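Have a look at the structure below before the remarks.
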There are 2 protein chains.
Amino acid sequence: MKPIPNEGFPAEDHDHRHCTDRALERAAAICKRRGARLTDLRRRVLELVWSGHKPLGAYDILDTLRRERRGAAPPTVYRALDFLAAQGLVHRIESLNCFVGCSDPELPHSGQFLICTSCGSVAELNDVRIDDAIRDSAAEAGFTVGRRTIEVDGLCPHCQEQGRGPRGRPPHNIAGGTPPLSPRGPRGRPPHNIAGGTPPLSPRGDGDG
Amino acid sequence: MKPIPNEGFPAEDHDHRHCTDRALERAAAICKRRGARLTDLRRRVLELVWSGHKPLGAYDILDTLRRERRGAAPPTVYRALDFLAAQGLVHRIESLNCFVGCSDPELPHSGQFLICTSCGSVAELNDVRIDDAIRDSAAEAGFTVGRRTIEVDGLCPHCQEQGRGPRGRPPHNIAGGTPPLSPRGPRGRPPHNIAGGTPPLSPRGDGDG
DNA sequence: CTTGATACGATATAACATAACATAATTGGA
DNA sequence: TCCAATTATGTTATGTTATATCGTATCAAG
Ligand SMILES: [Zn+2]
Ligand SMILES: [Zn+2]
Ligand SMILES: [Zn+2]
Ligand SMILES: [Zn+2]
């Protein structure tokens with residue numbers, strides 16, 4: 001029972017109140033230190049974002065908020081999320097149009113996310129090796145790197161154990177053509193080539209799906 | 001004057017008709033080989049997506065299409081884009097809600113994109129080192145990788161030369177807190193730590209902004 | 001020419017996000 | 001304490017992106 005899943009997926013039976021409580025405490029400390037105003041509304045929105053490890057849409061938050069405050073409207077939520085994101089307390093998941101709590105808000109960073117397509121839970125990585133690979137590759141194209149959007153779909157450990165497959169499509173599932181990454185291919189393949197020449201809808205990589 | 005910018009940003013004065021022509025030829029060949037029907041509509045949408053190296057929104061495409069066909073409507077465009085993406089001929093850029101032509105449609109792959117925040121142009125990387133880093137990092141969390149969304153904001157070589165800064169915000173620019181990647185930090189930093197403890201809105205990395 | 005499958009037309013609505021301006025709460029100083 | 005500036009929130013309206021549904025047309029095969 002890991003209380004604070006800073007990296008990786010939390011155990012299914014973990015005590016999630018610890019996650020929420022700690023997130024709120026850290027947020028309060030961070031805002032106080034910076035002179036930023038963590039108002040009741042913003043605090044409540046952060047708490048809702050932290051109601052699980054699955055990302056929440058702005059309108060999901062709004063639905064709850066409407067039951068608690070008269071006059072809650074889309075700007076209410078978006079402004080709060082704006083503040084929280086500016087403080088590094090939440091991240092937006094672009095591929096889902098959703099928001100998750102940041103697992104390490106003390107450090108400024110773009111997020112790197114693992115998104116389980118079976119249970120919907122999300123883990124944050126922030127692995128410097130990924131940033132390094134991106135920076136190096138971008139540098140070869142003469143590109144100076146700013147914000148990174150790194151969102152990886154797949155299966156979390158729990159869902160793999162239970163042999164669960166993907167449940168429901170991601171939004172705007174325009175695109176069938178992406179093969180999964182194989183566990184480890186032989187080094188020295190030509191750059192750019194990821195898998196064989198199989199047609200897009202086949203789930204086959206070069207050894208594992 | 002590189003005719004086919006398979007990787008990196010094309011020269012500003014390149015003959016873009018070559019890009020478009022080649023994309024359409026390859027698309028025709030691919031679809032023919034697969035028995036997929038590249039209809040006039042789909043071909044035209046692909047051509048519009050390839051009207052530049054900047055991503056195009058579905059409703060941008062629709063605007064043009066409406067002038068050419070009676071009865072064009074959102075589903076017209078989305079269905080065509082759906083088909084093109086399933087065939088690997090276009091990619092969706094999640095962080096922009098836009099679409100770009102794929103620079104290498106013969107190979108199934110998730111895209112990796114460099115997005116210039118100054119001129120708006122996009123280059124596709126597909127660097128196996130990035131996929132490797134992601135797979136390795138994900139494996140440590142017990143995660144099996146499927147589709148990757150890799151979108152990197154920054155400045156392309158042309159805009160760096162001209163000292164242009166970012167022009168306009170990306171959509172839903174919720175988030176101020178992402179520091180740029182420095183050109184190369186010392187190896188051996190603790191995992192997860194990307195930059196110092198500076199507050200989110202500061203543009204400072206550890207050596208370069 | 002029929003049949004089954006695929007593609008497209010047409011209408012409606014869902015889902016996500018922001019603009020603009022009014023009012024309220026907070027803060028810091030007179 | 002009171003005022004003025006600033007920041008936060010309320011309120012209404014609208015913009016933008018994406019999908020559902022159902023009918024019609026086109027196509028390929030037998
Ligand atoms: Zn938890
Ligand atoms: Zn984070
Ligand atoms: Zn071109
Ligand atoms: Zn591509």
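A, B, ... follow the sequence lines: proteins, then strands. Residue 1 opens every chain. Just so you know, these numbers come straight off a predicted model, no measurement behind them. Values reported hereafter were calculated over all heavy atoms of this structure, with side chains retained and with hydrogens, waters and symmetry mates removed.
- When the C1' atom of C:dC8 is taken as reference, atom CG of B:L81 falls 15 Å away, rounded to whole Å.
- Between A:R70 and the phosphate of D:dG10, there is no side-chain N or O to OP1/OP2 separation shorter than 4.0 Å.
- Contact between the side-chain N/O atoms of B:T39 and the OP1/OP2 oxygens of C:dC8 is found at a separation under 4.0 Å.
- When the side-chain nitrogen and oxygen atoms of B:R92 are compared with OP1 and OP2 of D:dA18, one or more of them lie within a distance under 4.0 Å.
- Between the P atom of C:dG9 and the CG atom of B:L65 lies a distance of 8 Å, rounded to the nearest Å.
- Within the 4.0 angstrom heavy-atom criterion, base atoms lie near B:R79.
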Would B:V122 and B:K54 count as a side chain to side chain contact (heavy atoms under 4.5 Å, CB included) here? Give the steps. CA-CA 6 Å; B:V122 169; B:K54 311 189 181 188; over 6 Å; no

Under the ring-ring contact (aromatic ring centres under 6.0 Å, His included) rule, what do B:H16 and B:H14 come out as? Steps first, then yes or no, please. CA-CA 6 Å; B:H16 185 63; B:H14 80 287; 5.4 Å; yes

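- One can place CG of B:L62 at 14 Å from P of D:dT19, the figure rounded to the nearest angstrom.
- The interatomic distance linking B:R69 (CZ) with D:dT24 (P) rounds to 20 Å, in whole Å.
- Of all the heavy atoms in A:V49 and A:L81, the pair that sits closest is CG2-CD2, 4.1 Å.
- When rounded to the nearest whole Å, the span between CG of A:D82 and P of D:dT7 equals 15 Å.
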Yes or no on side chain to side chain contact (heavy atoms under 4.5 Å, CB included) for A:H158 and A:C119, after CA distance, side-chain angles and deciding distance? CA-CA 9 Å; A:H158 316 308; A:C119 68; over 6 Å; no

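- Here A:F99 and A:H91 keep their ring centres 6.0 angstrom or further from each other.
- Distances shorter than 4.0 Å separate none of the side-chain N or O atoms of B:R37 from OP1 or OP2 on D:dA28.
- Of the listed nucleotides (C:dA7, D:dT11, D:dG10), C:dA7 has the atom at the smallest distance from the side chain of B:R42.
- Nucleotides of DNA chain C nearest to A:P74 and B:T76 differ in position, and the one nearer the 5' end is that of B:T76.
- Both A:F83 and A:A73 lie close to DNA chain D; mapped to their nearest nucleotides by heavy-atom distance, the more 5′-ward contact belongs to A:F83.
- Contact annotation: side chain of A:Y59 to base of C:dA17, donor-acceptor pair present below 3.5 Å.
- Whole-Å rounding puts the B:D40 CG to D:dA25 P distance at 18 Å.
- Nucleotide D:dT9 holds its P atom 17 Å from the OH atom of A:Y78, rounded to whole Å.
- At the phosphate of D:dA18, OP1 or OP2 sits under 4.0 Å from a side-chain N or O atom of B:N97.
- Here D:dA18 presents its P atom at 11 Å from CG of B:D60, a figure rounded to the nearest Å.
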